Enquirer: 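Encoded as structure tokens, here's the structure I'll be asking about.
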Amino acid sequence: MDILRFATAGSVDDGKSTLIGRLLFDSKAIFEDQLEAVERTSRDRGTEYTDLSLLTDGLRAEREQGITIDVAYRYFATPKRKFIIADTPGHIQYTRNMVTGASTADLAIILIDARKGVLEQSRRHAFLTTLLRVPHLVLAVNKMDLVDYSQERFEEIREEFTSFASKLNAPDLTFIPISALNGDNVVSRSENMPWYNGSSLLHHLENVHIASDRNLVDVRFPVQYVIRPQRATDPALHDYRGYAGQVAGGVLKPGDEVVHLPSGLSTRIASIDTFDGPVEEAFPPMSVTLRLEDDIDISRGDMICRPNNQPQAAQELEAMVCWMTDASKLGPRTKLTIKHTTRTARALVRDLHYRLDVNTLHRDEAAASLGLNEIGRVSLRVTQPLFVDDYARNRLTGGFILVDEATNNTVGAGMIVEAR
Ligand SMILES: Nc1nc2c(ncn2[C@@H]2O[C@H](COP(=O)(O)OP(=O)(O)OP(=O)(O)O)[C@@H](O)[C@H]2O)c(=O)[nH]1
């Protein structure tokens with residue numbers, strides 16, 4: 001069964017917690033006892049409806065305890081799909097959380113309060129979604145019950161947002177009028193909005209086509225582990241040598257000719273093993289172990305690709321970076337550790353070209369540094385070649401994180417725009 005990862009964003013009180021609670025509740029993912037506790041608390045608080053935001057409030061406590069860049073993840077499933085929700089708070093001070101949550105998302109839901117319409121925050125969320133190349137975007141126009149389920153109001157918001165999105169390189173865009181509180185158009189189509197003939201939110205999440213969002217053209221296999229059973233008593237395993245990792249692009253099949261980077265040596269795929277036995281093909285995001293026909297000296301951080309389609313071996317990177325710490329700033333001459341796929345190197349910031357105002361998209365070329373939650377365009381030099389693609393072409397081989405050399409904290413996330 002396939003998995004849809006999605007991120008939710010909204011401004012304070014747009015109803016994000018209520019919506020997530022509703023999805024979990026209506027898809028029957030809530031354990032009975034958890035539900036009972038919510039009902040009890042709602043009763044105690046004197047609210048006559050079951051306050052679903054209480055279900056996700058537990059996440060908030062988790063969030064506040066704080067790991068480095070904490071995003072609360074939630075899981076639920078329907079017979080059609082499994083879902084992983086990255087619940088990211090909407091305020092600008094959480095830009096880094098949204099970047100983290102959206103970087104692996106197939107889809108993002110931006111919540112809009114029907115009474116308030118498109119706010120600065122909605123535009124910022126849309127911009128970040130676009131920057132991170134989340135392929136599908138849903139504008140959930142919430143609290144429709146408070147605007148009398150007005151089609152006119154919904155259309156107004158749709159038009160305003162569409163005109164803004166046309167200025168961005170916006171992905172596949174879907175508008176759904178909902179009431180998270182009452183459940184209108186969340187799981188099933190609402191009778192309160194007969195004028196709406198699109199899908200309910202859950203139906204959309206279950207059916208949105210994501211298989212072709214992944215790059216299936218450029219074979220990229222970053223080696224994560226070399227597997228050599230040390231004291232194999234089974235003679236069949238004695239010579240076993242496999243390369244484990246997650247497919248980051250393309251389709252691999254036994255018999256395919258492949259090239260190892262950095263050596264440039266070529267060989268063929270002997271077999272593709274998985275936890276459940278050998279397979280005839282592997283594609284993203286499968287985790288597999290490749291066996292090759294020839295013995296090549298391969299280690300973690302190396303890349304396997306096809307002879308005629310290779311990533312760039314680059315030491316000079318142009319990238320958009322989101323800075324994620326308030327302990328330091330990013331500026332020219334900042335030294336960092338860079339982690340790109342399975343390879344780690346050292347990086348030096350050569351230049352900060354501009355800082356981007358994520359609300360207005362204004363580029364400040366006079367900026368001297370990037371602070372917490374700020375995004376800008378930088379040039380980096382790395383100490384050893386990384387095998388990269390542009391982020392626009394492949395989010396896995398085009399993205400990287402920056403780590404503080406002293407504290408080992410994640411301090412930045414980057415998207416490669418150009419490499420040399
Ligand atoms: N009438 C109405 N109220 C709603 C709807 N969705 C949410 N609310 C209410 O709006 C308030 C805020 O909802 P939350 O779900 O807590 O909002 P949130 O976006 O998660 O808020 P933060 O997490 O604080 O940013 C609560 O009182 C909800 O009951 C809706 O569709 N209709």
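Start at 1 and go down the list; that is how both ligands and their atoms are numbered. Heads up: numbering here begins at 1 and tracks the sequence. Remember, predicted model here, so these are calculated numbers, not experimental data.
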Enquirer: Polar-atom distance check: Ala180 versus ligand 1, any N or O pair below 3.5 Å?
Expert: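 Yes: some nitrogen or oxygen of Ala180 is under 3.5 Å from one in ligand 1.
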Enquirer: Is it true that a side-chain atom of Asn394 and a backbone atom of Leu396 form a donor plus acceptor pair closer than 3.5 Å?
Expert: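 Such a contact is found between Asn394 side chain and Leu396 backbone.
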Enquirer: Got Leu292 and Ile298 here, is their nearest side-chain heavy-atom distance under 4.5 Å?
Expert: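 In contact.
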Enquirer: Please check whether Ile178 reaches ligand 1 - meaning an N/O of the residue sits under 3.5 Å from an N/O of the ligand, judged on distance alone.
Expert: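 No, no N or O pair falls under 3.5 Å.
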Enquirer: Return yes if a side-chain donor-acceptor contact under 3.5 Å exists between Asp273 and Thr289, otherwise no.
Expert: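 No, because no side-chain N or O of Asp273 sits under 3.5 Å from a partner of the opposite role on Thr289.
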Enquirer: So, for Phe154 and Trp195, is the gap between ring centers shorter than 6.0 Å?
Expert: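 Between Trp195 and Phe154, which both carry aromatic rings, the centre distance is below 6.0 Å.
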Enquirer: Mark yes or no: Arg300 above the aromatic ring of Tyr225, with NZ or CZ under 6.0 Å from the six-membered ring centre and no more than 45 degrees from the axis.
Expert: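 Satisfied, under 6.0 Å and within 45°.
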Enquirer: State, without any angle test, whether Ser379 and Glu318 hold a side-chain donor-acceptor pair at a distance under 3.5 Å.
Expert: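 On atom types as modelled, these side chains qualify, holding a pair under 3.5 Å.
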Enquirer: Should you measure from each heavy atom of Leu146, which atoms of ligand 1 turn up under 4.0 Å away?
Expert: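 Ligand 1 atoms under the 4.0 Å threshold to Leu146: 1 (N).
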Enquirer: Using a strict cut-off of 4.0 Å, indicate which atoms of ligand 1 neighbour a heavy atom of Lys16.
Expert: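 Those of ligand 1 that fall under 4.0 Å from Lys16 are 15 (O), 17 (O), 18 (P), 19 (O), 20 (O).
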Enquirer: When the side chains of residues 157-164 are checked against the rest of the protein, which donor-acceptor pairs come out under 3.5 Å, sequence neighbours left out?
Expert:
residue: Arg158; atom: NE; partner: Glu155; partner atom: OE1; Å: 3.1
residue: Thr162; atom: OG1; partner: Arg158; partner atom: O; Å: 2.5

Enquirer: Any atoms of ligand 1 less than 4.0 Å from a non-hydrogen atom of Ser17? List them with their elements.
Expert: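 Under 4.0 Å from Ser17, ligand 1 has these atoms: 15 (O), 18 (P), 20 (O), 23 (O).
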Enquirer: Which atoms of ligand 1 have any heavy atom of Asn142 under 4.0 Å away?
Expert: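 Those atoms are 5 (C), 6 (N), 30 (C), 31 (O).
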Enquirer: Considering the heavy atoms of Ser179, write down every atom of ligand 1 situated less than 4.0 Å from one of them.
Expert: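 Atoms satisfying the 4.0 Å criterion: 30 (C), 31 (O), 32 (N).
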Enquirer: Polar-atom distance check: Asn182 versus ligand 1, any N or O pair below 3.5 Å?
Expert: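 By distance alone, the answer is no.
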Enquirer: Side chain, backbone, both or neither: which part of Asp145 has a heavy atom under 4.0 Å from ligand 1?
Expert: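 The answer is the side chain.
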